[in-house]
K.L.:
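So that we are looking at the same thing, I have put the structure below in structure tokens.
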Amino acid sequence: NHRKALKILRSIEDPNAESQNKLLYETARAHYFMGRKRTVDASLVAAHHLSDRPKPPVPALMRLFAPQGPGQHSKRRLEHLNDAIATIEKMPAKEQHRPENQFLLACCYREFSNPLEEGTSEEAARNYEKANALLMDLVGRFEKNPHYRYELVETLRHQIGEQPKDQAEF
């Protein structure tokens with residue numbers, strides 16, 4: 001799990017410059033995965049419905065994936081996202097502009113674009129704009145990369161609050 005990954009990454013001492021950048025990237029990535037929202041996707045729904053195990057009532061399943069308000073779990077989530085951003089910002093400028101680092105940064109900012117968790121709609125809008133700008137740049141430079149295009153669409157969808165077609169509605 002990501003907690004174990006962070007523990008291992010923190011135990012690595014004195015890497016060379018190239019290894020240091022990879023170490024920072026993997027640390028930021030682990031923090032991102034610990035901070036991102038859990039979503040209900042089609043594979044989870046299918047597994048839930050096809051399973052022979054007793055099924056929890058739908059409201060109980062939905063609580064697992066309900067939007068987080070300002071609470072303790074939400075606070076920890078946001079701390080991990082802040083740590084991911086801070087870790088990327090520790091990299092040399094040349095490394096910060098590598099596509100994989102910009103992509104991870106954009107994903108972090110998108111997670112911060114929920115005004116319920118961030119605190120104000122102005123802060124959420126700034127974070128959304130940062131995510132959108134980074135992804136637009138990546139799509140422009142790497143137009144054949146489907147991941148960048150997909151995440152840009154997800155970011156735009158997230159801003160307008162529309163549910164994606166592959167996520168279940170209970």
K.L.:
Tell me the closest heavy-atom pair linking Met91 and Asn101, and the distance in Å.
P.N.:
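Closest approach of Met91 to Asn101: SD-ND2, 3.4 Å.
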K.L.:
Give the table of side-chain donor-acceptor pairs shorter than 3.5 Å for residues 79-87, with sequence neighbours excluded, one pair per line with atom names and distance.
P.N.:
from  : atom 1 : to    : atom 2 : distance (Å)
His80 : ND1    : His31 : ND1    : 3.0
Asn82 : ND2    : Leu78 : O      : 3.4
Thr87 : OG1    : Asp83 : O      : 2.7

K.L.:
So, taking the atom named NZ in Lys90 and the one named CD in Gln96, what distance separates them when rounded to the nearest 0.5 Å?
P.N.:
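It is 12.0 Å, given to the nearest 0.5 Å.
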K.L.:
CE of Met136: more than 12 outside heavy atoms within 6.0 angstrom?
P.N.:
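Not more than 12 within 6.0 Å, no.
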K.L.:
Is it the case that atom NE2 in His2 sees more than 12 heavy atoms from other parts of the structure closer than 6.0 Å?
P.N.:
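Yes.
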K.L.:
Can you list the residues that meet the side chain to side chain donor-acceptor pair (under 3.5 Å) rule with Thr155, with sequence neighbours excluded?
P.N.:
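Partners of Thr155 under the side chain to side chain donor-acceptor pair (under 3.5 Å) test: Arg110.
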K.L.:
So which heavy atom on His97 is nearest to which on Arg141, and how close?
P.N.:
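Where His97 meets Arg141 most closely, the heavy atoms are O-NH2, 4.0 Å.
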K.L.:
Going hydrophobic residue to hydrophobic residue with side-chain gaps under 4.5 angstrom, can you get from Leu23 over to Met34?
P.N.:
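No, separate clusters.
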K.L.:
What are the two closest non-hydrogen atoms of Gln102 and Leu138, and how far apart are they?
P.N.:
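Gln102 and Leu138 have their closest heavy atoms at OE1-CD2, 3.7 Å.
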K.L.:
Would you call Arg126 and Glu129 a salt bridge, using N to O less than 4.0 angstrom?
P.N.:
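Salt bridge absent between Arg126 and Glu129.
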K.L.:
If you measure from CD1 on Ile12 to CD on Gln20, what distance do you get to the nearest 0.5 Å?
P.N.:
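Result: 9.5 Å between the selected atoms.
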K.L.:
What are the two closest heavy atoms between Asn21 and Pro92, and how far apart are they?
P.N.:
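For Asn21 and Pro92, the tightest heavy-atom pair comes out as OD1-CD, 3.4 Å.
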K.L.:
Got a sec, which residues hit salt bridge (charged side-chain N to carboxylate O under 4.0 Å, His left out) with Glu100, two or more places apart in sequence or on another chain?
P.N.:
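Once residues adjacent in sequence are excluded, the partners of Glu100 under the salt bridge (charged side-chain N to carboxylate O under 4.0 Å, His left out) criterion are Arg98.
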K.L.:
Is there a continuous path of hydrophobic side-chain contacts, each under 4.5 Å between heavy atoms, that joins Leu156 to Phe142?
P.N.:
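Linked within one cluster.
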K.L.:
Check the orientation of Phe103 and Tyr148. Use parallel for under 30°, tilted for 30 to 60°, and perpendicular for over 60°.
P.N.:
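Ring orientation, 0 to 90° scale: tilted.
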K.L.:
Could you tell me whether a side-chain N or O of Asn127 sits under 3.5 Å from a main-chain N or O of Glu123, the two making a donor and an acceptor?
P.N.:
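Pair found, side chain donor or acceptor close to backbone of Glu123.
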K.L.:
Are the side chains of Glu95 and Tyr25 in contact, using a 4.5 Å heavy-atom criterion?
P.N.:
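No, too far: nothing below the 4.5 Å cut-off.
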K.L.:
Which value, rounded to the nearest 0.5 Å, describes the distance between Cys107 atom SG and Glu154 atom CD?
P.N.:
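Cys107 SG to Glu154 CD: 10.0 Å, rounded to 0.5 Å.
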K.L.:
Are Leu6 and Ile88 connected, step by step, through hydrophobic side chains (Ile, Leu, Val, Met, Phe, Trp, Tyr) whose heavy atoms are closer than 4.5 Å?
P.N.:
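No, Leu6 does not connect to Ile88 through the hydrophobic network.
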